[in-house]
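One structure below.
Only a predicted model underlies this, so the values are computations on that prediction, with no experimental measurement involved.
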Amino acid sequence: QVQLVESGGDLVQPGGSLRLSCTTSGINFSLYIMGWYRQVPGKQRELVASITSGAGTKYTDSVKGRFTISRDNAKNTVYLQMNSLRPEDTAVYYCSAQISQYAQIYWGKGTQVTVSS
């Protein structure tokens, strides 16, 4: 039973910071590509950041310089550090895991991030 559980979503003011966590079970975590996606109602789910088993990272342009994805293989956990948050970052954030590109993607249930004053 593959399980991905996100935590850390909250209401935060513009310019603030949050750290999201995703703890996994049922997978050989160190071998998996991990990702963070976000989705707003009525819009397609967007890949925000990804990190490979070798710790190579990729970010969507709108978060470059503000967000950092990292992984702790000993804890089977991937993180998303979000700084300088903007209202347009408001979304449900989902954790993902896949053994390789084009493979099945496992999803968490999501955690709400709201950036508002």
Report task. Could you pull out the closest heavy-atom pair between S96 and Y37, with the gap in Å? Result -> OG-CE1, 3.3 Å
Between side-chain atoms of residues 15-22 and protein atoms elsewhere (two or more places apart, or another chain), which donor-acceptor pairs fall under 3.5 Å?
unit_1 : atom_1 : unit_2 : atom_2 : d
S17    : OG     : N83    : OD1    : 2.9

Query raised in the report: Q112 and T114: side-chain donor and acceptor closer than 3.5 Å?
Result: yes
Report summary line: For R86 and S62 the tightest heavy-atom approach is NH1-O, 3.7 Å
Query raised in the report: Linking I/L/V/M/F/W/Y whenever any side-chain heavy atoms sit under 4.5 Å apart, do I105 and I99 land together?
Result: no
Query raised in the report: Between CG of L4 and OG1 of T77, what distance do you get to the nearest 0.5 Å?
Result: 10.0 Å
Query - CD/Q13: more than 12 non-hydrogen atoms of other groups inside 6.0 Å - result: no
Query raised in the report: Can you tell if the side chain of T24 reaches within under 4.5 Å of the side chain of M34, non-hydrogen atoms only?
Result: yes
Report task. Search all heavy atoms of P14 against all heavy atoms of S116 and return the closest pair with its distance. Result -> CD-C, 3.6 Å
Query raised in the report: Which heavy-atom pair separates Y59 from I69 by the least distance, and what is that distance?
Result: OH-N, 2.9 Å
Report summary line: Closest non-hydrogen contact found for F29 with D72 is CE2-O, 3.9 Å
Query raised in the report: Heavy-atom distance under 4.5 Å between the side chains of D89 and R66, does that happen here?
Result: yes
Requested in this report: Group every Ile, Leu, Val, Met, Phe, Trp and Tyr by side-chain heavy-atom contacts under 4.5 Å, then state whether V78 and I27 land in the same group.
Outcome: yes
Query raised in the report: Shared ILVMFWY cluster between V115 and V92, side chains joined below 4.5 angstrom?
Result: no
Query raised in the report: Between Y94 and W107, what is the ring plane arrangement, given parallel below 30°, perpendicular above 60°, and tilted in between?
Result: perpendicular
Query raised in the report: Mind checking whether V40 and T90 have side chains closer than 4.5 Å, heavy atoms only?
Result: no
Query raised in the report: Given side chains that start at C-beta, do those of R38 and V63 come closer than 4.5 Å, heavy atoms only?
Result: yes
Requested in this report: Measure across Y102 and Q98 and return the closest heavy-atom pair with its distance rounded to 0.1 Å.
Outcome: N-NE2, 3.9 Å
Query raised in the report: Under the 3.5 angstrom rule, does the side chain of E6 hit a backbone N or O of C95 as a donor-acceptor pair?
Result: yes
**Report entry** Donor-acceptor under 3.5 Å (R71 side chain, I33 main chain)
**Finding:** no
Query raised in the report: Tell me, do F67 and W36 make a side-chain contact under 4.5 Å, heavy atoms counted?
Result: no
**Report entry** Nearest-0.5 Å distance, OH of residue Y79 to CD1 of residue I51
**Finding:** 11.5 Å
Report task. Report yes or no: does T23 contribute a side-chain atom to a donor-acceptor pair with the main-chain N or O of V5 at less than 3.5 Å? Result -> no
